[in-house]
Asker: 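Structure below; questions to follow.
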Amino acid sequence: MAHLRSRRRLALAVPVVLSLTASLGFLPTAASAAPAVPDAQAAATAADAPVLAYVVNTRTDRHTIASVQRAITAAGGSIVATYDQIGVIVVHSADPGFAGRMRAVPGVQSAGATRTAPLSASGTTDEGAVQYLSKAEAARAAKAADGGAEPLEADQWDLRAIGADRAARVNPGSRNVTVAVIDTGVDDTHPDIAPNFSPGQSANCVSGKADTTYGSWRPVDADHYHGTHVAGEIAAARNGIGVAGVAPGVKVAGITVAQPDAGQLFFPESVVCAFVFAADHGVEITNNSYYVDPWQYNCMDDPDQKAIVDAVNRAQLYARGKGVLNVAAAGNANNDLDADALVDASSPDDSTPVSRTVDPHKCFDIPTQLPGVVTVSAVGVKGAKSYYSSYGDGVIDVAAPGGDKYQIPDTPSKNGRILSTLPNNQYGFLQGTSMATPHVAAVAALLKSAHPHATPAQLQALLKAQANNLGCPAGPYDGNGDGVVDATCVGGKRVNGFYGFGIVDALRAVQ
């Protein structure tokens, strides 16, 4: 499971980056006419209409931003947050024509709704996807633990697969490096996370504006376990309790972006807030095990979706420009992300989905397909591509253990998924590219610890250079063993569509 449903992640590489960069280069420029103030009929319609959220993207000079802010107010919009650094304004409005009005404002380069359903009160529900570690399983793991290992480490085949257990004895990572988990919240009271948690670099960005109230980053309930699991994979302390993270000496922060409702959706304004907050608070690496809702793929010929791409891209590029490496998951649909066409039957996921065929070179899963973002595919204990993991030649950068229920490890639990921390001092197994991504983020943190002056581009190059590539499978790929070919690997031993440049290596990162 990644991002709490069967959805999560897509990917990036040279052909995709070039395509996206070209598309972003043609985002609409400022129009010549100012918007008209809504007439009485339009105002009456807006008064009865549901409130939607919008992003308005402008030039970044103060005069333009101030002028656009006045136009937003005149058009009946309510400003939630303004990110002057990147020229993104988050707005609420009940006017169904609000985005169109904003696109006519001088200085506005794109504007669009960030969701298709109105803002509403939130609720919670049980996702039911996690497998909690039982007392019997914990006892078996503890009995099998080697001297000096964490009590549950015998069930962590993923650490051994990338040499993280040995890397910890060389260099567990620096306290000067922080990985921000942009997710459903992190339970920093968990005894395996508390020693390495950084509250000063944590926040709640759900509204589109950062809330740094102490504890605001915590999950609203135990069903919002995703971010806590990810955080433990990265930096669970080697403290004689539970499990170990890949980089147990680095710090981890939590930036909550998931709506606290049944869908746990990650909307654009929340993600924009998270990237800017991380950049402005000294974070070195962000982990992004999600895609930005409500569209799995954002098509550049749709003005609303184009505005979403523009806003999130501005935010992640701002973070990258301030030294942040952004790592994202490739998705769990077993899609070929270098295909000419894919079927997206899940969008929009905040209202009624409509099946559509998209070209992944023109319709982007974000943030993973944005320029400079490290895109991660998943493998199981045998090193083979996980049956669910999306892939694509020239799209995947690197691979990492994400778990696979069909690849069974020789561990006490015999569970091919990834064991990590859960809220309320618990532990459990999950699988998905959501689980592969924190392994890569953690190895990047080890690299940053060893090379403190490395830029994001240099860290990305090191991840690729030190990875181990298995090459494409010799025979047809049948991930679930049902006798049907599930995917085709394209590429060679050095780089290919299943593994990118290879499976990351924590031990090489610290040597």
Side-chain angles (χ1 to χ4, degrees), residues 1-10 20 23 49-57 80 88 90-100 102-103 110-123 125 127 184 205-208 226 257-274 288-313 315 328-329 331-333 335 337 341-360 362-370 390:
M1 185 197 81
H3 177 77
L4 312 166
R5 292 201 289 280
S6 62
R7 329 160 3 128
R8 280 17 312 189
R9 292 351 21 210
L10 228 2
L20 177 57
S23 298
V51 175
L52 291 179
Y54 297 83
V55 284
V56 179
N57 306 310
V80 176
V88 175
V90 178
V91 184
H92 290 171
S93 175
D95 178 5
F98 178 78
M102 289 301 102
R103 293 177 196 128
S110 61
T114 63
R115 57 194 77 189
T116 63
L119 300 171
S120 60
S122 299
T125 188
E127 292 293 333
T184 62
C205 273
V206 169
S207 71
H226 192 262
V257 293
Q259 295 290 316
D261 57 11
Q264 300 184 29
L265 303 182
F266 293 47
F267 286 115
E269 62 270 27
S270 307
V271 175
V272 167
C273 169
N288 303 272
S289 292
Y290 60 91
Y291 70 72
V292 174
D293 300 288
W295 306 95
Q296 183 172 4
Y297 299 93
N298 293 268
C299 297
M300 300 301 283
D301 59 359
D302 179 284
D304 289 317
Q305 294 168 42
K306 177 184 287 187
I308 290 171
V309 175
D310 186 12
V312 177
N313 189 51
N332 298 341
N335 278 338
L337 304 176
L342 295 173
V343 175
D344 174 15
S346 66
S347 302
D349 58 12
D350 63 340
S351 55
T352 303
V354 177
S355 184
R356 58 180 182 155
T357 299
V358 301
D359 179 351
K362 298 178 182 178
C363 299
F364 307 112
D365 180 326
I366 58 174
T368 196
Q369 280 187 281
L370 295 175
S390 290

Asker: Hey, are the side chains of P367 and V292 touching, using non-hydrogen atoms and a 4.5 Å cut-off?
Answerer: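 Yes, close enough: below the 4.5 Å cut-off.
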Asker: Would you say Q305's side chain and C299's backbone share a donor-acceptor pair under 3.5 angstrom?
Answerer: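 Between the backbone of C299 and the side chain of Q305 there is a qualifying donor-acceptor contact (under 3.5 Å).
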Asker: Could you pull out the closest heavy-atom pair between T368 and A329, with the gap in Å?
Answerer: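 For T368 versus A329, the nearest heavy atoms are OG1-O, 3.4 Å.
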Asker: For S355 and V343, what are the C-alpha separation, side-chain angles and deciding distance, and is it a side-chain contact (heavy atoms from CB on, under 4.5 Å)?
Answerer: CA-CA 7 Å; S355 184; V343 175; 3.6 Å; yes
Asker: Looking only at heavy atoms, what is the nearest atom pair of V80 and S207, with distance?
Answerer: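 Taking V80 first and S207 second, the nearest heavy atoms are CG1-O, 3.4 Å.
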Asker: Locate the shortest heavy-atom distance separating D95 from S93; write the atom from each residue and the value.
Answerer: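 Shortest heavy-atom separation between D95 and S93 comes out as N-OG, 3.1 Å.
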Asker: Distance-only, no hydrogens or angles: does the D293 side chain make a donor-acceptor pair with backbone N or O of F267 under 3.5 Å?
Answerer: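 Judged by distance alone, no pair lies under 3.5 Å.
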Asker: Check whether any side-chain N or O of Q369 sits under 3.5 Å from a backbone N or O of Y297 as a donor-acceptor pair, and report yes or no.
Answerer: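 Not a single qualifying donor-acceptor pair exists.
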Asker: In sequence, state the C-alpha distance, the side-chain angles, and the governing distance for L370 and V309, and then conclude on side-chain contact (heavy atoms from CB on, under 4.5 Å).
Answerer: CA-CA 8 Å; L370 295 175; V309 175; 4.2 Å; yes
Asker: Measure the shortest side-chain to side-chain distance between D302 and W295 over non-hydrogen atoms and say whether it is less than 4.5 angstrom.
Answerer: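 With C-beta onward as the side chain, the pair stays apart.
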Asker: Using the side-chain contact (heavy atoms from CB on, under 4.5 Å) rule, take V90 and V272 through it: C-alpha gap first, then chi angles, then the decisive distance, then the call.
Answerer: CA-CA 9 Å; V90 178; V272 167; 5.5 Å; no
Asker: Does either side chain, that of E269 or that of T114, offer a donor lying less than 3.5 Å from an acceptor on the other one?
Answerer: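 Per modelled atom types, E269 and T114 side chains form a pair under 3.5 Å.
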Asker: Write down the atom of K306, the atom of M300, and the distance for their closest heavy-atom approach.
Answerer: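 Of all heavy-atom pairs spanning K306 and M300, the closest is CE-O, 2.8 Å.
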Asker: Measure the spacing between OG of S390 and CG of N332 and express it to the nearest 0.5 Å.
Answerer: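 CG of N332 is found 7.0 Å from OG of S390.
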Asker: If I take atom CG from residue N298 and atom OH from residue Y291, how far apart are they, to the nearest 0.5 angstrom?
Answerer: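 Answer for the CG-OH pair, N298 versus Y291, is 10.0 Å.
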Asker: Would you find a donor on one side and an acceptor on the other, under 3.5 Å apart, between the side chain of D344 and the backbone of R356?
Answerer: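 Not at all, since once roles are kept as given, no pair shorter than 3.5 Å links the two residues.
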Asker: Can you tell me if S347 uses its side chain to pair, donor with acceptor, with the backbone of Q296 under 3.5 Å?
Answerer: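 Checked: pair present.
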Asker: Working to the nearest 0.5 angstrom, can you tell me the gap between L52 CG and D304 CG?
Answerer: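 Going from the CG atom of L52 to the CG atom of D304 covers 9.5 Å.
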Asker: To the nearest 0.5 angstrom, please state how far the CG atom of N57 sits from the CZ atom of R103.
Answerer: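 Those atoms lie 10.5 Å apart.
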Asker: In sequence, state the C-alpha distance, the side-chain angles, and the governing distance for N313 and I366, and then conclude on side-chain contact (heavy atoms from CB on, under 4.5 Å).
Answerer: CA-CA 8 Å; N313 189 51; I366 58 174; over 6 Å; no
Asker: Would you check if the side chain of D350 reaches a backbone N or O of P294 as a donor-acceptor pair within less than 3.5 Å?
Answerer: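 Such a contact is absent between D350 side chain and P294 backbone.
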